[in-house]
Peer 1: 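I am attaching a structure below and will ask some questions about it afterwards.
Values below: every heavy atom of this structure, side chains too, minus hydrogens, waters and symmetry copies. Numbering of ligands and ligand atoms starts at 1, following listing order.
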Amino acid sequence: MTLSALQDIVHQTREARRKQVLPKLTPSERDTLIKKFHPDCREQAYRPLKFGPNKGQLTVRELAALLEGDSPVPYDLPLDPDHTVDVLVIGGGGAGCAAALHAHKAGAKVLLATKLRLADSNSVMAQGGMQIAVAPDDSPVQHFLDTLKGGHFKNDRQLLKVMVEEGPSIAQWLLELGVLFDRDTDGSLHVKKGGGSTKPRLVTCSDYTGLEIMRVLKDEVLNRQIQLLEFCAAVELLTNRDGVCTGAVLRDLDNKRFIVVAAKAVILATGGIGRLHIQGFPTSNHYGATGDGLALAYRAGAPLVHIDTFQYHPTGAVYPEQLVGALVTEGIRSEGGHLVNARGERFVNELDTRDVVSSSIIRECEEGRGIRTPTGRMGVWLDTPLLELEHGAGTLEKHFPAMVRQYERYGIDIRKDPVLIYPTLHYQNGGVQIDVNAETAVPNLFVAGEASGGLHGRNRLMGNSLLDLMVFGKRAGLTAAARAASNRQGVLTLQHLRRFREEAKRYGVTEQITSPVILPAYTRTQDS
Ligand code: MEZ
């Protein structure tokens with residue numbers, strides 16, 4: 001059957017579906033669904049870590065290999081610093097920029113190193129908004145409760161309290177810097193409702209919220225002339241003899257040489273892990289999302305949390321082939337878009353939490369109610385034309401201009417035809433354990449943004465990531481600057497690496513990958 005013949009069922013069933021009210025799943029139905037169909041629950045995808053701070057804990061095989069991998073840095077590398085700074089920020093996305101800006105404003109000498117270009121990150125690709133309790137009938141307490149429920153009550157409550165309480169001041173900061181959030185006709189910030197939330201709480205910039213925020217933050221980093229090293233990937237941390245972080249070794253990707261940075265505090269803001277393609281999943285993440293900071297922190301002795309849970313965003317594009325894995329924002333479902341199976345039926349409350357919605361889509365496909373794409377993948381429909389019917393012609397162009405264009409390039413008009421989607425690897429729910437100031441168990445080593453863990457529990461709510469990285473980027477930047485002001489530069493050693501290598505040997509781990517991997521294998525040329 002042609003794609004357009006398959007699409008007919010969506011058009012034919014639209015009117016009837018509009019009237020339908022879907023019953024809510026009970027907590028036990030939700031649990032059963034997740035256990036049966038969520039990729040986190042596939043036992044064969046996991047193995048225990050053989051050594052290191054999380055020894056014995058289960059994680060996916062791809063992450064286990066990364067964490068147990070060996071450093072590319074030789075133990076006898078001369079450690080004469082090429083740069084000496086107060087605060088070294090590693091990562092040029094939202095968390096890295098926020099950290100660098102706040103540390104710099106507090107008076108620290110800051111170096112921001114990033115393995116691609118400034119702003120090449122998942123932050124720039126965030127589409128559907130940022131959760132902040134700014135609406136008059138909303139509150140940080142309500143935001144706290146929604147997030148806790150969404151995270152299956154496994155969230156670190158101290159981190160969560162800080163995030164929701166500081167949200168409104170972050171919105172104010174971004175507005176002052178010049179971020180153009182969407183407004184209602186009375187001038188107040190427009191808010192949208194995301195999955196798992198009881199109130200509309202997403203502040204947005206159409207469907208390119210992250211791009212707009214990063215436009216401003218990137219500009220700010222450049223305008224303040226913060227020292228910047230692009231195409232320099234962090235490959236190892238440096239510590240003193242007591243295990244305190246004292247700097248990092250970078251790899252200059254252009255000149256293929258190591259760069260040694262001495263720093264009184266280091267902030268890892270290296271983002272996510274999607275490009276490890278856990279369980280073979282396509283990803284919505286940018287090419288640099290290879291979990292580098294996790295490996296570095298682990299080798300230096302920092303424990304990770306929630307390393308067995310990942311977020312598969314329900315609506316990744318699954319057709320056309322060029323878009324496979326790309327994010328189709330939850331904003332479409334926030335505005336009423338239906339998920340529809342091959343029989344023309346809705347099968348889940350589209351605004352349930354992502355783990356529930358993704359599990360339902362996988363169930364439909366595994367139980368024979370999915371649609372085979374022309375390139376042989378499975379998916380279900382997202383009824384985008386419904387938004388034109390519900391909210392008026394022009395809605396998609398007005399609220400989702402990026403998506404309209406993204407599909408137009410491949411001859412698909414989402415105003416007229418539904419699109420095929422399937423869950424895509426989107427986010428690591430866990431990461432390096434931090435305290436409320438974003439500091440890890442390794443003194444003077446901070447982690448902010450997606451590389452950190454605990455805040456989101458076992459399932460992040462839409463829009464909480466952009467807020468997370470602003471709040472903890474700021475806290476990391478300010479605390480690191482204060483630490484730098486009161487500390488001397490510590491000696492640079494690779495002793496933690498020697499210990500790590502000895503431990504690997506003791507536990508018989510000899511077949512190690514080189515870690516971090518820096519870029520996915522399919523992007524590497526022979527000489528890189
Ligand atoms: O926070 C997210 O992951 C997000 C806003 C994604 C989206 O669907 O747009």
Peer 1: For the pair Tyr522 and Tyr287, name the ring-plane relationship: parallel under 30°, tilted 30 to 60°, perpendicular over 60°.
Peer 2: perpendicular
Peer 1: Quick one: are the ring centres of Phe310 and Tyr427 less than 6.0 Å apart?
Peer 2: no
Peer 1: Give the intermediate values and the outcome of salt bridge (charged side-chain N to carboxylate O under 4.0 Å, His left out) for residues Glu388 and Lys416.
Peer 2: CA-CA 9 Å; Glu388 300 280 288; Lys416 296 203 178 97; over 6 Å; no
Peer 1: Present, as a list of atom pairs with distances to 0.1 Å, all nitrogen or oxygen contacts under 3.5 Å between ligand 1 and the protein.
Peer 2:
| unit_1 | atom_1 | unit_2 | atom_2 | d |
| --- | --- | --- | --- | --- |
| ligand 1 | 1 (O) | Arg460 | NH1 | 2.9 |
| ligand 1 | 1 (O) | Gly463 | N | 2.8 |
| ligand 1 | 3 (O) | Arg354 | NH1 | 2.9 |
| ligand 1 | 3 (O) | Arg354 | NH2 | 3.2 |
| ligand 1 | 3 (O) | His426 | NE2 | 2.7 |
| ligand 1 | 3 (O) | Arg460 | NH2 | 2.8 |
| ligand 1 | 8 (O) | His313 | NE2 | 2.8 |
| ligand 1 | 8 (O) | Thr329 | OG1 | 3.4 |
| ligand 1 | 8 (O) | Glu330 | N | 2.7 |
| ligand 1 | 8 (O) | Arg354 | NH2 | 3.4 |
| ligand 1 | 9 (O) | Gly128 | N | 2.7 |
| ligand 1 | 9 (O) | Thr329 | OG1 | 2.6 |

Peer 1: Any salt bridge between Arg475 and Glu166, counting N to O under 4.0 Å?
Peer 2: yes
Peer 1: Kindly assign one of parallel, tilted or perpendicular to the pair His399 and His190, based on the angle between their ring planes and the thresholds 30° and 60°.
Peer 2: tilted
Peer 1: With Gln131, which residues qualify under side-chain contact (heavy atoms from CB on, under 4.5 Å), at least two apart?
Peer 2: His143, Ser197, Arg201, Leu202, Leu461, Asn464
